[in-house]
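All residue numbers in this chain count up from 1 along the given sequence. Predicted, not measured: the structure shown is a model, and the values here were computed from it.
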Amino acid sequence: MNDADLLTRFPPTNPTTRLLWTAIVDVGPRQDLGAGPAGQRFMVPILGGQFYAGPGCDSLQGQVLPGGADRQVLRPDGVKELDALYEMQASNGDVLTIRNRVIVDETREPERYAMSVISVSAPAGDLDWLNRRLILGSLQSARPERPAVIIRAWETDVVPQA
């Protein structure tokens, strides 16, 4: 079978998303860590917050625990790379370790581009399915109203063609 026939037999399937949670994460002042080989480095402490379940995801709500941090690199091209590591405690008591890797491009108009890939490390139990999913995220600043960020997390999937 040639490539054209193969691609006709297996057409592309469009990814779908489902909102898992929305988190409001309170943050401290950004600390300058100096220049590194990839650009200017910063750290933003994570002070806590809350997260709220998306539709049909009732168990994905609870507290963002204090003690995490968001490490940032401002690249020479003006793009920021964020790498946040923190914990969220769900209402059932499970503690989820979240790693959120974000790309922020302030040059896009009318709103900046701020999208991420979120990895979850969940204990065995009700929420361990999160360990086996690709989760995409978005990031919005809540400033000047509050020193916080709003993070939305979506489960991605591909629905087979009928």
Trainee: Working to the nearest 0.5 angstrom, can you tell me the gap between Leu85 CG and Arg99 CZ?
Mentor: 7.0 Å

Trainee: Quick one: which residue pairs count as a side chain to side chain donor-acceptor pair (under 3.5 Å) with a foot in residues 127-136, not counting sequence neighbours?
Mentor: Arg133-Glu155

Trainee: Grab the two heavy atoms, one from Leu127 and one from Ala122, that are nearest each other, plus how far apart they are.
Mentor: O-CB, 3.5 Å

Trainee: State which residues pass side chain to side chain contact (heavy atoms under 4.5 Å, CB included) with Thr17; sequence neighbours excluded, sorted by chain then number.
Mentor: Trp154, Thr156

Trainee: Give the minimum heavy-atom separation between Gln31 and Pro45, together with the two atoms involved.
Mentor: NE2-CG, 3.8 Å

Trainee: Which residues pass the side chain to side chain contact (heavy atoms under 4.5 Å, CB included) test with Asp70, sequence neighbours left out?
Mentor: Val44, Gln72, Leu82, Ala84

Trainee: Could you tell me if the side chain of Met88 sits less than 4.5 Å from the side chain of Trp21, heavy atoms only?
Mentor: yes

Trainee: Taking only residues two or more places apart in sequence or in another chain, which ones pass side chain to side chain contact (heavy atoms under 4.5 Å, CB included) with Ala38?
Mentor: Val73

Trainee: What distance separates Thr13 OG1 from Asp157 CG, expressed to the nearest 0.5 Å?
Mentor: 9.0 Å

Trainee: By side-chain hydrogen bond (donor to acceptor under 3.5 Å, both in side chains), which residues pair with Asp77, not counting sequence neighbours?
Mentor: Arg75

Trainee: Once rounded to the nearest 0.5 Å, what's the spacing between atom CD of Gln61 and atom CG of Leu20?
Mentor: 13.0 Å

Trainee: Minimum heavy-atom separation for Leu96 and Pro123, please, with both atom names.
Mentor: CD2-CD, 4.3 Å

Trainee: For Thr97, enumerate each residue passing the side-chain hydrogen bond (donor to acceptor under 3.5 Å, both in side chains) test, keeping only those at least two apart in sequence or located in another chain.
Mentor: Glu87

Trainee: If you compare all heavy atoms of Phe51 against all heavy atoms of Gln89, which two are closest, and at what distance to 0.1 Å?
Mentor: CE2-O, 3.5 Å

Trainee: Once side-chain hydrogen bond (donor to acceptor under 3.5 Å, both in side chains) is applied, do any residues pair with Arg101, and if so which ones, sequence neighbours excluded?
Mentor: none

Trainee: Minimum heavy-atom separation for Ser59 and Ala90, please, with both atom names.
Mentor: O-CB, 3.7 Å

Trainee: Is Val95 isolated, or which residues cluster with it under the ILVMFWY side-chain rule of less than 4.5 Å, directly or via members?
Mentor: Leu65

Trainee: Mind listing the closest non-hydrogen atom pair of Tyr86 and Gly68 along with its distance?
Mentor: CB-CA, 4.0 Å

Trainee: Side-chain heavy atoms under 4.5 Å apart, restricted to Ile/Leu/Val/Met/Phe/Trp/Tyr: what other residues fall into the cluster of Met43, or is it alone?
Mentor: Leu33

Trainee: Within a strict 4.5 Å, meaning less than it, do heavy atoms of the Ile98 and Val120 side chains meet?
Mentor: yes

Trainee: Under 3.5 Å, which donor-acceptor pairs do the side chains of residues 110-119 form with other protein atoms, sequence neighbours left out?
Mentor:
| unit_1 | atom_1 | unit_2 | atom_2 | d |
| --- | --- | --- | --- | --- |
| Arg112 | NH1 | Glu106 | OE2 | 3.2 |
| Ser116 | OG | Asn100 | OD1 | 2.7 |

Trainee: Can you list everything that forms a side chain to side chain contact (heavy atoms under 4.5 Å, CB included) with Asp5? Sequence neighbours excluded, please.
Mentor: Met1, Asn2

Trainee: Taking side chain to side chain donor-acceptor pair (under 3.5 Å) as the cut-off, I'd like each qualifying pair that reaches into residues 33-53, sequence neighbours left out, listed once.
Mentor: Asp32-Gln40

Trainee: Report, as yes or no, whether the 6.0 Å neighbourhood of atom CZ on Arg108 holds more than 12 heavy atoms from other residues, nucleotides or ligands.
Mentor: yes

